Amino acid sequence: MIRGRVAIGAYRSRPIDPGRVEADVKSDDGVERRLPNSLQNEVAVTGPSVAEHPFRRECRKVLDEIRAQGRYRRFTPLARQADAFPVYHDATRPLPGHVRPVSAGDVVVWSSNDYLGMGVDPRVVEAGVAALREHGAGAGGTRNIAGTNPLHDELEAELASLHGKQAGLLFVSGYVSNQASLQTILTSLPGWIVFSDAQNHASMIAGIKGARGASCVIYRHNDLADLEAKLAAAPADAPKLIAFESVYSMDGDIADVRATCALAKRYGAMTYLDEVHAVGLYGPTGAGIAERDGVSDQVDIIEGTLAKGFGCHGGYVAGDADMIDYLRSSASGFIFTTSLPPSTVAAALASVRIVRRESQHRDRLFERVATLRDRLAAAGVPFTPTPSHIVPVRVGDAVLCTEISRRLMSEHGLYVTPINYPTVPRGSERLRLTPGPFHTDAMMDQLVHALHGLLPRLQEADVRAA
Ligand SMILES: Cc1ncc(COP(=O)(O)O)c(C=O)c1O
């Protein structure tokens, strides 16, 4: 029987009549209860009108500012063609049927994070389809509430083995795995100090910010001298964690994982490494930079995604069995959400297994990256040389960046995402190219030709005046 009071947002708590329950609510303690009809009605009629709410005025003001700065986000509806990747269909135009190669309405995408094209690998697709037929569309609950399929356990074991760790834990996305794991780790003991690279991803920052009680020390990006100075200045007996990424996806630079781990050992810190943009791509079996550099065993917790190099969806952490078990039992972002659908898990499992044993996908990716760089250089298109697979073309202005992207699409049938603030600092706006195994020489020539024509033309013109 339900007793007590339920708080719903800003509305006052009211006693519940256990005899008249109609609708589900979640109370502050996270427990699902049922709300009486009478209370539902009261909630509906007593709220402030949203049209007059200060929050709505704030929304409009901020959106107007974003528009004026040329960084308003317009999504481009593009339907990926599984049989023609990286060709997508411009979803605002009628489908041309199945005429390949490129036909009207087709767009060559240069910004996908499905770096290896595993999301369209027929074996991955078939594994997903088979699981969809066998197990249905959704997981049906959290991992605790009927949402654990043997496939979940199998994938966690596979990921643990990929990274040479004792255990793995799946989350619904890479974002959630970072946010939930960091927040949970950093609230486990009093006095945690987290040393966070200045360019860490928003999901890591969210986890760190959510850890009330932990202190955060931000060190200069990839600057080990600064990290060491900050470690040395911290109390020796405080629990410490260094949180960093291997491949930074916007600048395409790579952390010195070995040296960071050595510092961690010297100062008694744990290491938490986000390998989201590296898994599948680096190392002999695609386990990431830590594997490539032979230091997987030095990293305490490795975090990754199934959504980029593995072409599917979901996130995970891998590490020591007790630590992973603790996260499984304590991380809110793991416990209180419906688990990944079995079809996604089956597809990801197939993908991880293929990527581990077949290095040709990685080899072809890096050959394509080198070829694109050669062609851009030969045509005089400026790009930032990086030690990774990311090819940034610096533009330095949000309006210009968005305009170049728009014209690449409308005049050339090419999609390249403009990367503006807040994803990168103002003044460093860029186009971010991610060549993949399926970009042909002809596609590269088309891109290089288009950039060569558009970049100087638009950089000279005042596109804001247009
Ligand atoms: C460094 C980094 N970590 C985590 C994530 C989140 O991963 P996911 O897309 O699987 O949520 C991203 C997303 O792009 C990322 O760039």
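Quick caveat, the model's predicted, so the values are computed rather than measured.
Aromatic ring pairs are classed by plane angle as parallel below 30°, tilted from 30° to 60° and perpendicular above 60°; the pair Phe55 and His53 is perpendicular. Ring geometry for Trp110 against His439 counts as parallel: the plane angle stays under 30°, on a 0 to 90° scale with 60° as the upper cut.
For the atom pair CZ (Phe195) and OH (Tyr219), the distance works out to 10.0 Å, reported to the nearest 0.5 Å. Here Ile208 contributes atom CD1 and Ile218 contributes atom CD1; the two are 8.0 Å apart, rounded to the nearest 0.5 Å. The CG atom of Leu306 sits 7.5 Å away from the CG atom of Leu340 when rounded to the nearest 0.5 Å. Here Asp445 contributes atom CG and Asp441 contributes atom CG; the two are 6.5 Å apart, rounded to the nearest 0.5 Å. Separating the CG atom in Asp253 from the OG1 atom in Thr384 is a distance of 10.5 Å, to the nearest 0.5 Å. Rounding to the nearest 0.5 angstrom, the gap separating the CG atom in Leu273 from the OG1 atom in Thr260 is 8.5 Å.
Side-chain contact, Thr386 with Arg373: a donor N or O sits under 3.5 Å from an acceptor N or O. Judged by distance alone, the side chains of Asp251 and His221 never bring a donor and an acceptor atom under 3.5 Å apart. A donor-acceptor contact closer than 3.5 angstrom is absent between the side chains of Asp90 and Tyr88.
No donor-acceptor pair under 3.5 Å is formed between the side chain of Ser339 and the backbone N or O of Arg143. The backbone N or O of Ala398 lies less than 3.5 Å from a partner atom in the side chain of Thr402, making a donor-acceptor pair. Using a distance-only test at 3.5 Å, with no hydrogens or angles considered, no donor-acceptor pair links the side chain of Trp192 to the main chain of Leu241. Judged by distance alone, with hydrogens and angles left aside, the side-chain atoms of Asp114 form a donor-acceptor pair with the main-chain N or O of Met118 at under 3.5 Å. No side-chain donor-acceptor contact under 3.5 Å links His389 to the backbone of Gly436. Although no hydrogens or angles enter the test, the distance criterion places a donor-acceptor pair under 3.5 Å between the side chain of Gln446 and the main chain of His412. Checked by atom type and distance alone, the side chain of Ser351 never pairs as donor or acceptor with a backbone atom of Ala348 at under 3.5 Å. Listed for the Glu275 side chain is no donor-acceptor partner under 3.5 Å among the backbone atoms of Ile302.
By the ring pair (Phe, Tyr, Trp, His ring centres under 6.0 Å) test, Phe383 is found to be paired with no residue, residues two or more places apart in sequence or in another chain being considered. Residues forming a ring pair (Phe, Tyr, Trp, His ring centres under 6.0 Å) with Phe334 (at least two apart in sequence, or on another chain): Phe171.
Taking the side chain as every heavy atom from C-beta outward, Met270 and Met323 approach each other to under 4.5 Å.
Between Pro387 and Gly252, the shortest heavy-atom contact is CD-O, 3.3 Å. Asp300 and Thr271 get closest at one heavy-atom pair: OD2-N, 2.8 Å. The shortest heavy-atom contact between Phe438 and Gly117 is CE1-CA, 3.9 Å. Nearest heavy-atom pair, Ala137 versus Ser343, reported as atom, atom and distance to 0.1 Å: O-OG, 4.4 Å. Nearest heavy-atom pair across Ala167 and Ala160 is C-CB, 3.5 Å. Heavy atoms only, all atoms of each residue included: Ser388 and Val247 are closest at CB-CG1, 4.1 Å.
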Verdict with reasoning, Arg368 to Thr371, per side chain to side chain contact (heavy atoms under 4.5 Å, CB included): CA-CA 5 Å; Arg368 293 285 78 195; Thr371 302; 3.7 Å; yes

field: Chi angles and distances behind the side chain to side chain contact (heavy atoms under 4.5 Å, CB included) call for Tyr272, Asn178
entry: CA-CA 10 Å; Tyr272 180 103; Asn178 270 335; 2.7 Å; yes

- request: Determine, step by step, whether Ser161 and Arg356 satisfy the side chain to side chain donor-acceptor pair (under 3.5 Å) criterion, reporting the C-alpha distance in whole Å, the side-chain angles of both residues, the deciding distance to 0.1 Å, and the verdict.
  value: CA-CA 10 Å; Ser161 145; Arg356 285 185 81 177; 2.9 Å; yes

message: side chain to side chain contact (heavy atoms under 4.5 Å, CB included), that's the test. Do Arg432 and Val416 meet it? Break it down for me.
response: CA-CA 7 Å; Arg432 176 177 172 268; Val416 180; over 6 Å; no

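Residue Asn420 is tested with Ser405, Ser428, Cys401 for a side chain to side chain contact (heavy atoms under 4.5 Å, CB included); the sole match is Cys401.
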Would you mind writing out the side-chain donor-acceptor pairs for residues 284-298 within the sub-3.5 Å range, not counting sequence neighbours?
from: Thr285; atom 1: OG1; to: Glu291; atom 2: OE1; distance (Å): 3.3
from: Thr285; atom 1: OG1; to: Glu291; atom 2: OE2; distance (Å): 2.6
from: Glu291; atom 1: OE1; to: Thr285; atom 2: N; distance (Å): 3.1
from: Glu291; atom 1: OE1; to: Gly286; atom 2: N; distance (Å): 3.3
from: Glu291; atom 1: OE1; to: Ala287; atom 2: N; distance (Å): 3.0
from: Glu291; atom 1: OE2; to: Thr285; atom 2: N; distance (Å): 3.3
from: Ser296; atom 1: OG; to: Glu291; atom 2: N; distance (Å): 3.4

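At most 12 heavy atoms of other shown residues, nucleotides or ligands fall within 6.0 angstrom of atom CZ in Arg212. More than 12 heavy-atom neighbours from other residues, nucleotides or ligands sit within 6.0 angstrom of CZ on Arg67. Within a 6.0 Å radius of CG in Asn144, no more than 12 heavy atoms belonging to other residues, nucleotides or ligands are found.
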